[in-house]
Protein chains: 2
Amino acid sequence: MSKPETPIQKKNRSAIMNAGLEVFSKFGFRGSTLDQIALESGLSKPNILYYFKSKEVIYTTLLGELLTDWLKPVRDIDPDGDPIAEILGYAAHKMEMSQNYPRQSRLYANEIIQGAPRISNVLTSELHEVVDKFAQLIKSWSKKGLIRDVDPHHLIFSIWAMTQHYADFDFQVRAVLGHDDPFPKGEKHVEDMLRQMLTV
Amino acid sequence: MSKPETPIQKKNRSAIMNAGLEVFSKFGFRGSTLDQIALESGLSKPNILYYFKSKEVIYTTLLGELLTDWLKPVRDIDPDGDPIAEILGYAAHKMEMSQNYPRQSRLYANEIIQGAPRISNVLTSELHEVVDKFAQLIKSWSKKGLIRDVDPHHLIFSIWAMTQHYADFDFQVRAVLGHDDPFPKGEKHVEDMLRQMLTV
DNA sequence: GCGTGATTTTACCAGTTGGTCAAAACATGG
DNA sequence: CCATGTTTTGACCAACTGGTAAAATCACGC
């Protein structure tokens, strides 16, 4: 039985989550400090520790929320839908997440690059499982001749790579393009690429 | 006139570079400490600072070397070669770099994710320029009908994204696949994908 | 095997780090 | 407006941070 949140708790907890996301996504766990999060959230350091008992709890709470949002759209793929539309729809959705929630993408990227020390169990269990199911579905689609014969796992990696690239490497993308908004063209390109890859 | 290096200098400098690469690629600049680099290199902290005058110099030296290796294969693309072979060759080369030098890839990824504070000038000048030239070449190839009509910049981003994914997200890739070596199949998949995308 | 410069170590420092604690300030229902 | 629980603060700590200075040790040509 957890007590109901007071309005103050709700406001401050979310301010801390937001500040934590801002800081951790930029510097990773080790590179971030409670002082930065304190500054960013407008709360004092001891006050932050009143709401979350350690730096690590803030971090893992953020990662937990993130993984839920991450996995959901994979689970939502409709096995009875049109294969190409389903896969393209998933890619488009990931692309929107990169555009609208780049900090989450960077937080996750940081964690994985650093060897995923705090979520490797989720990767080998939940993620593995959910991806395998998706991969089997793709396999069955190509067996039925509905899409080209592709390696399902590596197709999924390609989708992740291309879509997350726009969030994680945003700085490089914009530097190379000269500060246009890369997303409209990027989305079209990824769609084109996947369609070419999948169309029989 | 810089003095010639003694064997000891050569050995220790390279030990520090190697240790720095190991540590910085895992934790980024802010998250890494001289103590970690000292431990990893087997030298004492003051001894490290005898060879490099600060933590930042180690880091920027590594980044500098990296960018040179990074840019070279783009410059080496032959405008008179077979377009598809040239692009696929470049992608294959990047893939090998991901396989053989994953730490460099992660170091670079960390730097970009963190907003590229120490190399943004290189990105907007040298990288921008070199990529624009490559993009123009791609454009001319598709104008001549030698490859499909694609957005050159975003094609390049896709190549970078897919190839570097295998280094930067190695942990996730292996977790999902269950510890097979992902590279042989990954390389084939990327090649297939690009060929589909480019063949008229 | 000695002298000189190259290398390494020891001891240290000031600033920052994550975190604690008790006291103070606040909110709010009665 | 008071009592009680909630929230916030200020003072503090031990460990760690990047970096310094000088002394000690080492390597090597003579």
Side-chain angles (χ1 to χ4, degrees), chain A residues 1-64 107 110-111 114 117-118, chain B residues 1-64 107 110-111 114 117-118:
Chain A
M1 284 302 136
S2 56
K3 288 175 186 172
E5 267 189 336
T6 70
I8 292 179
Q9 280 168 0
K10 202 175 167 185
K11 183 175 122 266
N12 286 347
R13 262 189 238 277
S14 106
I16 294 168
M17 286 284 96
N18 190 56
L21 182 57
E22 185 68 27
V23 174
F24 284 130
S25 68
K26 264 207 198 93
F27 302 110
F29 180 73
R30 286 226 37 190
S32 303
T33 72
L34 283 175
D35 287 316
Q36 288 174 290
I37 298 172
L39 190 72
E40 184 76 30
S41 67
L43 299 174
S44 70
K45 189 166 61 172
N47 204 9
I48 284 178
L49 292 165
Y50 171 70
Y51 289 103
F52 294 86
K53 81 165 193 296
S54 73
K55 176 185 168 185
E56 181 149 3
V57 169
I58 303 176
Y59 185 76
T60 50
T61 304
L62 279 167
L63 267 184
L107 176 72
N110 259 313
E111 173 69 12
Q114 298 179 12
R118 283 156 240 272
Chain B
M1 283 305 132
S2 58
K3 289 175 186 172
E5 266 189 336
T6 70
I8 294 180
Q9 280 169 3
K10 202 174 166 185
K11 182 175 121 265
N12 285 348
R13 261 189 239 279
S14 105
I16 294 168
M17 286 286 95
N18 189 57
L21 181 58
E22 185 69 28
V23 174
F24 284 131
S25 68
K26 262 206 199 93
F27 302 111
F29 180 73
R30 286 224 36 192
S32 302
T33 71
L34 284 175
D35 286 317
Q36 289 174 290
I37 297 172
L39 190 72
E40 184 75 31
S41 66
L43 300 173
S44 70
K45 187 166 61 170
N47 204 9
I48 285 177
L49 292 165
Y50 171 71
Y51 289 102
F52 294 86
K53 81 165 194 294
S54 71
K55 176 184 169 186
E56 182 149 3
V57 170
I58 303 176
Y59 185 74
T60 51
T61 303
L62 279 168
L63 267 184
L107 176 72
N110 259 313
E111 173 69 12
Q114 298 180 11
R118 282 155 238 271

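Computed from a predicted model, the values in this text were never measured in an experiment. Numbers restart at 1 for each chain; the letters A, B, ... are given by sequence-line order, proteins then strands.
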In residues 47-56 of chain A, what residues come within less than 4.0 Å of DNA chain D, judged by heavy atoms?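 Heavy-atom cutoff 4.0 Å gives N47(A), Y50(A), Y51(A).
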Positions of residues 13-24 of chain A (non-hydrogen atom under 4.0 Å from DNA chain D), listed by number: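 Per residue number, the list is empty: none.
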Strand contacts (DNA chain C) in residues 32-40 of chain B, 4.0 angstrom heavy-atom criterion: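 Residues of residues 32-40 of chain B that come under 4.0 Å of DNA chain C do not exist, since none gets that close.
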Residue pair V23(A), T33(A): steps toward the side chain to side chain contact (heavy atoms under 4.5 Å, CB included) verdict: CA-CA 8 Å; V23(A) 174; T33(A) 72; over 6 Å; no
How long is the straight-line distance from [atom2] of [Y] back to [atom1] of [X], given to the nearest 0.5 Å?
X	Y	atom1	atom2	result
I16(B)	Y50(B)	CD1	OH	11.0 Å
R118(A)	F29(A)	CZ	CZ	4.5 Å
N12(A)	F52(A)	CG	CZ	10.0 Å
E111(A)	T60(A)	CD	OG1	9.5 Å
K53(A)	I58(A)	NZ	CD1	11.5 Å

With sequence neighbours left out, write down each residue that passes side-chain hydrogen bond (donor to acceptor under 3.5 Å, both in side chains) with S32(A), or none if nothing qualifies.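 Once residues adjacent in sequence are excluded, S32(A) has no partner under the side-chain hydrogen bond (donor to acceptor under 3.5 Å, both in side chains) criterion.
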Taking only residues two or more places apart in sequence, or in another chain, which ones meet S41(B) in a side-chain hydrogen bond (donor to acceptor under 3.5 Å, both in side chains)?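 S41(B): no side-chain hydrogen bond (donor to acceptor under 3.5 Å, both in side chains) contacts found.
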Would you kindly compare R30(B) and N12(B) by the position of their nearest DNA chain C nucleotide and give the one closer to the 5′ end?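 Final value for this comparison: N12(B).
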If the cut-off is 4.0 Å, is Q9(A) near the phosphate of dT6(D), judged by side-chain N/O to OP1 or OP2?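 Checking dT6(D) against Q9(A), no side-chain N or O comes under 4.0 Å of OP1 or OP2.
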Looking at S44(B), does any N or O in its side chain come under 4.0 Å of the phosphate oxygens OP1/OP2 on dT8(C)?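 No, because none of the side-chain N or O atoms of S44(B) sits under 4.0 Å from OP1 or OP2 of dT8(C).
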Side chain to side chain contact (heavy atoms under 4.5 Å, CB included) evaluation trace for N110(A) with F27(A): CA-CA 8 Å; N110(A) 259 313; F27(A) 302 110; over 6 Å; no
Among all residues two or more places apart in sequence or in another chain, which pass the side chain to side chain contact (heavy atoms under 4.5 Å, CB included) test with [X]?
X	result
S25(B)	R103(B), R106(B), L107(B)
S14(B)	none
L39(A)	none

With 3.5 Å as the limit, what N/O pairs link the protein to nucleotides 22-30 of chain D?
none

Tabulate atom names and distances for all N/O pairs under 3.5 angstrom spanning the protein and nucleotides 21-26 of chain C.
none

Salt bridge (charged side-chain N to carboxylate O under 4.0 Å, His left out) contacts in which one or both residues fall within residues 6-21 of chain B, not counting sequence neighbours: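 As it turns out, the salt bridge (charged side-chain N to carboxylate O under 4.0 Å, His left out) pairs with a partner in residues 6-21 of chain B, which skip direct neighbours, are E5(B)-R13(B).
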Can you tell me which residue pairs pass the salt bridge (charged side-chain N to carboxylate O under 4.0 Å, His left out) test with a partner in residues 24-48 of chain A, sequence neighbours excluded?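 Sorted result for residues 24-48 of chain A: E22(A)-K26(A), D35(A)-K45(A).
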Determine the sole option in I48(B), N47(B), L49(B) for which the side chain to side chain contact (heavy atoms under 4.5 Å, CB included) test with Y51(B) is passed.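 With Y51(B) as partner, I48(B), N47(B), L49(B) yield a single side chain to side chain contact (heavy atoms under 4.5 Å, CB included), made by N47(B).
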DNA chain D: 5'-proximal contact among G42(A) and F29(B) (nearest heavy atom):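 In this pair, the answer is G42(A).
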Using whole Å, report how far CD1 of I58(A) lies from C1' of dG19(C).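 Going from CD1 in I58(A) over to C1' in dG19(C) covers 12 Å.
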